[in-house]
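These notes are about the structure you will find just below.
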Amino acid sequence: MYCIVTRDPIDTAGLLRRVRSDADGAVLIFAGVVRDHHEGRAVEALAYEVYEEMAVEKIEMICKEVASRFEVGELAVAHRVGELTVGDISVVIAVAAPHRDAAYKASREIIERVKGEVPIWKRERYSDGGEVWRDGAVPDVPEAEKP
Amino acid sequence: MYCIVTRDPIDTAGLLRRVRSDADGAVLIFAGVVRDHHEGRAVEALAYEVYEEMAVEKIEMICKEVASRFEVGELAVAHRVGELTVGDISVVIAVAAPHRDAAYKASREIIERVKGEVPIWKRERYSDGGEVWRDGAVPDVPEAEKP
Amino acid sequence: MRVKCLFFAAYRDIFGAEQIDLELPEGSTLGALIEDVRARAGVCAAVLPRQLVVAVNREYAPVETVLRDGDEVALIPPVAGG
Amino acid sequence: MRVKCLFFAAYRDIFGAEQIDLELPEGSTLGALIEDVRARAGVCAAVLPRQLVVAVNREYAPVETVLRDGDEVALIPPVAGG
């Protein structure tokens, strides 16, 4: 398991090599990319901010839970933060598995949970000059334990 | 759309770059890899054979149909043939899309159809010396038109 | 008329050829060609599936298909790409 | 006791700080800290969600959580990674 938050470009091919082992018949790479529009507005650039220590722990926990539920081999997640422009890869999820069904399911679950639970935020800068913190997902907070 | 059958190693990172455009927020790369076992037997190598002209046409048709059903951008499929050993990438499906849901669905449908419909065969060589044409899927044949 | 018939993978082993040219009466169907070809499998005919999958000019085609001079027919064993 | 309170993204803009140290009575709950912090938002208090999501020592935590000296509390705006 390899989970990082980084300010540098993500080495996608390196993550593929890192997760694959001889027992795996499938490797799935999801790459999230900065696109040029959001809800009808032209996007020029993004700044990602992170609560780094917690984010890495959260991503590791997500990977552990997903690995326990699906028959997968190695997992890797790399999330980029800092200033990104259109076309830059913001996140890569790499999943290796003996069979493809588990790879697709695990990959999908990891990206959904990364988007929904990990303390990372993005500020979008639009071509029309505006700049806002992009609206996001509200993480679930565990119930208090009964006394 | 870029569909090839090749005897050379597949350039996965090149396919990612090839499909991505500024309108896409997600790129999904599925890589099929030769693994070291099949139904309990240790696999040493594989030879892929292809009916090349038909295979390329079939893959193109699959991509066209999938592109018409899901909101995706560019698609690329590369299938390697010839002699492969454990760890070699045999097939790559690259799908770019504005949103990830379409990317996952389209990618999955393409790989299922490539495995079920495209005239490609593999001969497995086992560590115990045996060698067999791997059992496969029987493609659907269209019904005859009523006269 | 003459059609080309291609054999791949396990079928190439069974028929001992990659390709044969067949002379058929005008208006022959794919079904007739399949019977003709099946007869050439000799002792191996038993291992052929009861319903052979066949492509005509690179498209999967039903047995009722009427063949034409110059057609490229291919017997397609179960496929195993990916 | 003293706890550290971190603000990120939109909340950093609202509170005008990345981090503040808070002096709280022993045994204070996270809920009490949230009330204290909310009072510091001034005119911006109205734009804060009614239920703030908060992490204690890097884990999302319920408002009933009893804080300890040295805890690291973070107010977590809606997340938007990926």
Side-chain angles (χ1 to χ4, degrees), chain A residues 9-17 19-39 42-46 73 84-101 103-112 114-115 122 124 127 134, chain B residues 9-17 19-39 42-44 46 73 84-112 114-115 122 124 127 134:
Chain A
I10 298 170
D11 174 15
T12 308
L15 292 180
L16 195 161
R17 281 192 301 275
V19 296
R20 194 206 64 78
S21 82
D22 287 351
D24 299 311
V27 180
L28 201 66
I29 307 283
F30 172 85
V33 190
V34 178
R35 68 164 190 275
D36 62 6
H37 62 283
H38 177 63
E39 289 172 0
V43 172
E44 215 168 77
L46 278 185
L84 276 73
T85 57
V86 172
D88 284 341
I89 293 176
S90 55
V91 62
V92 172
I93 317 275
V95 177
H99 301 284
R100 67 189 179 283
D101 187 57
Y104 276 97
K105 286 180 177 154
S107 171
R108 187 71 198 264
E109 182 155 324
I110 292 171
I111 184 63
E112 298 305 326
V114 164
K115 283 174 173 269
K122 52 176 163 255
E124 277 181 339
S127 305
R134 170 93 148 259
Chain B
I10 298 169
D11 173 14
T12 308
L15 292 180
L16 195 162
R17 282 191 301 274
V19 295
R20 194 205 65 76
S21 81
D22 287 351
D24 299 311
V27 179
L28 201 66
I29 306 283
F30 171 86
V33 190
V34 178
R35 69 166 189 272
D36 61 7
H37 62 282
H38 178 62
E39 288 171 2
V43 172
E44 215 168 77
L46 277 186
L84 276 74
T85 57
V86 172
D88 284 341
I89 292 176
S90 55
V91 62
V92 172
I93 317 274
V95 177
H99 301 284
R100 67 189 178 284
D101 187 58
Y104 276 96
K105 286 180 177 154
S107 172
R108 187 71 198 263
E109 181 155 325
I110 292 171
I111 184 62
E112 298 305 326
V114 164
K115 283 176 174 269
K122 51 175 163 255
E124 277 181 338
S127 304
R134 170 93 150 260

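First the proteins, then the strands, lettered A, B, ... as listed; each starts at 1. All values below were derived from every heavy atom in this structure, side-chain atoms included, with hydrogens, water molecules and symmetry-related copies excluded.
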Go through B:Arg108 and A:Asp101 one step at a time and tell me if the side chain to side chain contact (heavy atoms under 4.5 Å, CB included) criterion holds.
CA-CA 9 Å; B:Arg108 187 71 198 263; A:Asp101 187 57; 2.9 Å; yes

Distance (rounded to the nearest 0.5 Å) between B:Leu16 CG and A:Leu16 CG
10.5 Å

With sequence neighbours excluded, what pairs up with A:Glu44 under the side-chain hydrogen bond (donor to acceptor under 3.5 Å, both in side chains) test?
none

What option among B:Ala23, B:Ala26, B:Ser21, B:Gly32 has the most heavy-atom pairs under 4.5 Å with chain A?
B:Ala23

Specify whether B:Tyr104 and A:Phe30 have parallel, tilted or perpendicular ring planes, treating 30° as the upper limit for parallel and 60° as the lower limit for perpendicular.
parallel

Sort by residue number and list every member of residues 87-96 of chain B having a non-hydrogen atom under 4.5 Å from chain A.
B:Gly87, B:Ile89

Okay, A:Arg20 and chain B: the region with an atom under 4.5 Å from a heavy atom over there is side chain

Partner chain B: residue of A:Asp24, A:Thr12, A:Val34 with the largest heavy-atom pair count (under 4.5 Å)
A:Asp24

Which bit of A:Ser107 is near chain B, if near means a heavy-atom gap under 4.5 Å: side chain, backbone, both or neither?
both

Please flag which part of B:Lys115 lies under 4.5 Å from any non-hydrogen atom of chain A: side chain, backbone, both or neither.
side chain

